[in-house]
Amino acid sequence: MALKKLLQLFCVSKKDSKKKGKSIDPLWRASAPHSSLSVTANKSRLDPCSSRHECSSMISSLARTEHVTGSNDYMSFNQFDVVQDFSDHHYAKTSPGKATKDWVKAIQSEWNLLQKNLPESIYVRVYEDRIDLLRAAIVGPAGTPYHDGLFFFDVRFPSEYPKCPPKVHYHSGGLRLNPNLYESGKVCLSLLNTWWGNGCEKWGKSNSTMLQVLVSIQGLVLNDKPYFNEPGNKNSAKTTAGEKNSLVYNQTAFVLSCKTMLYSLRKPPKHFETLVAGHFHEREHAFLDVCSAYMSGTVVGSSAGSSDRYACDKCFADFKKSLTLYTEHLRTEFAANRSRLLELERPASAVDEIVPTS
């Protein structure tokens with residue numbers, strides 16, 4: 001029921017796959033610089049009756065050469081694109097298995113649905129030569145300890161798909177910032193059959209989609225009170241002790257989210273370099289202001305001007321100390337990120353030194 005309401009909120013429906021969305025226009029894309037390759041989600045582009053090689057050839061005919069871009073290209077960073085290099089993908093060395101017509105058709109359907117219906121805060125890249133792989137970036141929702149963060153997930157569609165759910169790996173950096181996201185990269189979600197659930201909460205081959213998985217992670221996992229995601233903590237919701245523990249958990253989650261930002265800035269996943277650079281460049285000042293407010297006692301995730309304040313106890317003192325440290329690290333990385341973008345945007349005439357001829 002919660003998933004159904006969430007999908008309605010984002011105007012997402014499997015039956016509504018023809019809903020007009022942010023489609024990829026190949027004519028516009030041909031003249032717009034970009035850090036990845038573009039392809040329209042048209043059924044003629046990926047024929048389910050074709051072999052894997054033929055599918056890749058069709059995609060290749062639409063592909064363009066990748067090149068380095070500056071922050072201006074962040075504004076034109078497509079939510080869905082086809083790219084080539086999958087070498088840093090978590091499942092790169094996993095065999096895709098035998099391709100069947102039904103399997104390719106199912107993936108084609110996923111591509112179409114994602115291209116047309118992705119919420120504005122979710123970005124997806126699929127791979128020209130490995131259509132079983134996918135990478136997604138999810139922006140942390142406002143009002144949560146994950147706000148303004150970028151969270152990356154690698155996905156593989158097994159050969160049994162869609163009879164079984166996709167395999168999803170979270171880029172954790174060894175951090176546990178949510179009860180559902182393990183240090184190992186495991187994503188604990190009933191829709192992925194990695195946790196218990198009833199009825200439509202579990203994966204169904206005829207009614208579950210990759211889009212639902214991504215929206216569920218963003219809305220149900222990265223929520224405002226993740227402490228209660230842990231089954232053992234649910235019964236304490238709305239109790240004094242439970243809410244206090246939730247506030248403390250959010251402090252820890254926010255600090256770990258800051259640490260995740262540092263990882264992304266220092267080593268962004270392939271094909272998301274432009275997104276990472278532009279996203280944090282756009283939000284750095286507001287984010288640092290929020291960090292200052294949190295260090296002054298404002299409750300993590302609360303709205304601007306909120307009167308909610310932390311008690312000045314040891315937990316808050318520890319939180320303030322950790323956040324002060326990571327805020328300074330972020331300030332340094334934001335400055336480096338800004339310098340890189342400025343360097344990329346400098347015109348060639350300002351970079352190349354003219355050497356006079358003798």
Side-chain angles (χ1 to χ4, degrees), residues 1-9 138-149 151 153 168 170 172-203 212-260 290-291 293-323 326:
M1 182 62 68
L3 175 59
K4 184 177 181 181
K5 289 182 179 179
L6 193 66
L7 293 174
Q8 289 174 345
L9 177 65
I138 296 178
V139 179
T144 75
Y146 309 106
H147 67 80
D148 296 306
F151 303 93
F153 299 84
V168 181
Y170 166 57
S172 71
L175 305 176
R176 182 79 180 274
L177 48 65
N178 187 285
N180 300 74
L181 304 176
Y182 287 65
E183 297 96 327
S184 63
K186 177 183 178 181
V187 178
C188 199
L189 192 66
S190 56
L191 191 57
L192 296 174
N193 292 349
T194 51
W195 187 246
W196 61 270
N198 299 311
C200 64
E201 294 176 346
K202 301 283 283 184
W203 181 265
Q212 290 177 349
V213 171
L214 295 176
V215 171
S216 294
I217 292 173
Q218 185 180 52
L220 300 180
V221 174
L222 301 174
N223 62 49
D224 60 337
K225 295 183 178 181
Y227 174 77
F228 299 114
N229 288 11
E230 193 69 53
N233 300 334
K234 285 185 177 181
N235 292 334
S236 66
K238 297 184 179 180
T239 67
T240 301
E243 294 300 325
K244 182 179 180 180
N245 289 336
S246 177
L247 289 175
V248 173
Y249 188 94
N250 278 8
Q251 293 175 349
T252 302
F254 183 73
V255 170
L256 293 178
S257 182
C258 290
K259 198 169 183 179
T260 300
V290 168
C291 288
Y294 291 164
M295 287 185 284
S296 297
T298 300
V299 171
V300 169
S302 58
S303 58
S306 172
S307 60
D308 295 336
R309 309 286 294 179
Y310 286 117
C312 294
D313 55 13
K314 185 179 185 301
C315 287
F316 175 69
D318 291 342
F319 166 65
K320 182 177 180 179
K321 182 178 180 180
S322 295
L323 184 55
Y326 285 110

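Values reported hereafter were calculated over all heavy atoms of this structure, with side chains retained and with hydrogens, waters and symmetry mates removed.
Smallest separation of non-hydrogen atoms from Cys188 and Tyr182: CB-CE1, 3.7 Å. The nearest pair of heavy atoms linking Ala311 to Phe316 is O-CB, 3.4 Å. For Glu183 against Ser172, the heavy-atom pair with the smallest separation is O-OG, 2.6 Å. Counting all heavy atoms, side chain and backbone alike, Tyr310 lies closest to Phe319 at CE1-CE2, 4.3 Å. Of all non-hydrogen atoms in Leu175 and Leu256, the two that sit nearest each other are CD1-O, 3.8 Å. Between Phe151 and Ser257 the shortest heavy-atom distance is CZ-OG, 3.6 Å.
Remark: side-chain polar atoms of Ser236 are not paired, donor with acceptor, to backbone N or O of Thr239 under 3.5 angstrom. The main-chain N or O of Tyr227 is found under 3.5 Å from a side-chain atom of Asn233 such that the two form a donor-acceptor pair.
With a 4.5 Å cut-off on side-chain heavy atoms, Asn250 and Pro226 count as touching. Side-chain contact between Ser296 and Arg309 is present, with heavy atoms from C-beta onward closer than 4.5 Å. Side chains of Tyr170 and Leu177 form a contact here, defined as non-hydrogen atoms less than 4.5 Å apart. Proximity of Val139 to Asp148: side-chain heavy atoms (C-beta onward) are nowhere separated by under 4.5 Å.
Put simply, CG on Asn245 and CD on Glu230 are 12.5 Å apart, with the number rounded to the nearest 0.5 Å. Taken to the nearest 0.5 Å, the CD atom of Glu201 stands 12.5 Å off from the CH2 atom of Trp195. Expressed to the nearest 0.5 Å, how far OG1 of Thr252 lies from CZ of Arg176 amounts to 12.5 Å. The OG atom of Ser322 lies 11.5 Å from the CE atom of Met295; values are rounded to the nearest 0.5 Å. Here CG of Asn223 is found 4.5 Å from CG of Asn229. Values are rounded to the nearest 0.5 Å. The CD atom of Gln212 sits 11.0 Å away from atom CG of Leu192, with the distance rounded to the nearest 0.5 Å.
By the neighbour-count criterion of 12 heavy atoms within 6.0 Å, atom NZ of Lys202 is densely surrounded, having more than that number from other residues, nucleotides or ligands. Within 6.0 Å of OH in Tyr326 there are 12 or fewer heavy atoms belonging to other residues, nucleotides or ligands.
Residues satisfying the salt bridge (Lys or Arg N to Asp or Glu O under 4.0 Å) criterion with Asp318, sequence neighbours excluded, are Lys314. Looking at residues two or more places apart in sequence or on another chain, you find no salt bridge (Lys or Arg N to Asp or Glu O under 4.0 Å) involving Asp224. For Lys238, there are no salt bridge (Lys or Arg N to Asp or Glu O under 4.0 Å) partners at least two apart in sequence or on another chain.
The aromatic rings of His147 and Tyr294 stand perpendicular to each other, their planes meeting at an angle above 60°, with 30° marking the opposite boundary.
Remark: Lys225 fails to qualify as a cation-pi partner of Phe228 under the 6.0 Å distance and 45° angle criteria applied to the six-membered ring.
Judged purely by distance below 3.5 Å, without hydrogens or angles, the side chains of Asn178 and Tyr146 pair a donor atom with an acceptor atom.
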Check: Are Leu220 and Asn180 close enough, and set up right, to give a side chain to side chain contact (heavy atoms under 4.5 Å, CB included), and what steps lead you there?
Finding: CA-CA 10 Å; Leu220 300 180; Asn180 300 74; over 6 Å; no
